[in-house]
Amino acid sequence: VQLQASGGGSVQAGGSLRLSCAASGLTYSNYYMGWFRQAPGKERMFVARIKYSGASTYYADSVKGRFTISSDNTKNTVYLQMSSLKPEDTAVYYCAADRVPSAAASQYDCWGQGTQVTVSS
């Protein structure tokens with residue numbers, strides 16, 4: 001099982017970025033895909049998750065209305081569109097997959113390598 005995250009970078013506050021996570025080696029349709037983030041010295045926090053079909057999404061309160069998670073089943077890829085970015089969004093962002101919907105990082109079995117997002121004020 002492999003999750004390949006990409007799309008991170010550096011932007012100014014108010015800007016946008018789109019992260020991608022390509023999944024391989026798993027039956028994509030059986031999984032929920034999640035995004036988490038981890039700032040230096042802090043624990044890994046839930047950002048958003050989606051059911052493979054795209055029918056069910058769930059967001060952390062801190063990103064609701066600014067971030068949008070979506071899924072392209074033809075490409076086995078999940079996206080995180082981030083808008084109105086704030087300096088406090090700065091973190092390494094990880095994608096994850098599991099068969100059970102959860103906002104707990106400990107629940108997820110499969111993880112991508114992480115991609116850095118830096119938002120400057």
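Everything numeric in this text was worked out from a predicted model, so none of it was measured.
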Intermediate values then yes/no, side chain to side chain contact (heavy atoms under 4.5 Å, CB included), R49 and M33
CA-CA 5 Å; R49 73 159 189 266; M33 305 295 292; over 6 Å; no
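Rounding to the nearest 0.5 Å places NZ of K51 at 14.0 Å from CD1 of I69. Expressed to the nearest 0.5 Å, how far CH2 of W35 lies from OG1 of T115 amounts to 7.5 Å. To the nearest 0.5 Å, atoms CG (L3) and CD (Q113) are separated by 9.0 Å.
For residues 56-78, the ring pair (Phe, Tyr, Trp, His ring centres under 6.0 Å) pairs, not counting sequence neighbours, are F46-Y58.
Hydrophobic clustering (ILVMFWY, side-chain heavy atoms < 4.5 Å, transitive): F36 and V1 are in distinct clusters. In this structure, Y79 is not a member of the same hydrophobic cluster as L85, with clusters built from ILVMFWY side-chain heavy atoms closer than 4.5 Å.
Considering only residues two or more places apart in sequence or on other chains, Y108 meets the side-chain hydrogen bond (donor to acceptor under 3.5 Å, both in side chains) condition with none of them. Annotation: side-chain hydrogen bond (donor to acceptor under 3.5 Å, both in side chains) contacts of T118 (sequence neighbours excluded): Q116. For E88, the side-chain hydrogen bond (donor to acceptor under 3.5 Å, both in side chains) criterion is met by no residue, not counting sequence neighbours.
For the residue pair S71 and N73, a side-chain donor N or O sits within less than 3.5 Å of a side-chain acceptor on the partner.
Between L80 and A48 the shortest heavy-atom distance is CD1-CB, 4.3 Å. Counting all heavy atoms, side chain and backbone alike, A39 lies closest to A91 at N-CB, 3.8 Å. The minimum heavy-atom distance linking V119 with T90 is given by the pair N-OG1, 2.9 Å.
The shortest side-chain heavy-atom distance between K42 and P40 does not fall under the 4.5 Å cut-off. The shortest side-chain heavy-atom distance between I50 and Y32 does not fall under the 4.5 Å cut-off.
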Report all side-chain donor-acceptor pairs from residues 92-99 shorter than 3.5 Å, counting only partners two or more places apart or in another chain.
from : atom 1 : to   : atom 2 : distance (Å)
Y93  : OH     : R37  : NH1    : 2.9
Y93  : OH     : D89  : O      : 2.7
D98  : OD1    : D109 : N      : 3.3
D98  : OD2    : V100 : N      : 3.0
D98  : OD2    : Q107 : NE2    : 3.4

Do any side-chain atoms of residues 8-26 form donor-acceptor pairs under 3.5 angstrom with protein atoms, and if so which ones, sequence neighbours left out?
none

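Judged by distance alone, with hydrogens and angles left aside, the side-chain atoms of R66 form a donor-acceptor pair with the main-chain N or O of S84 at under 3.5 Å.
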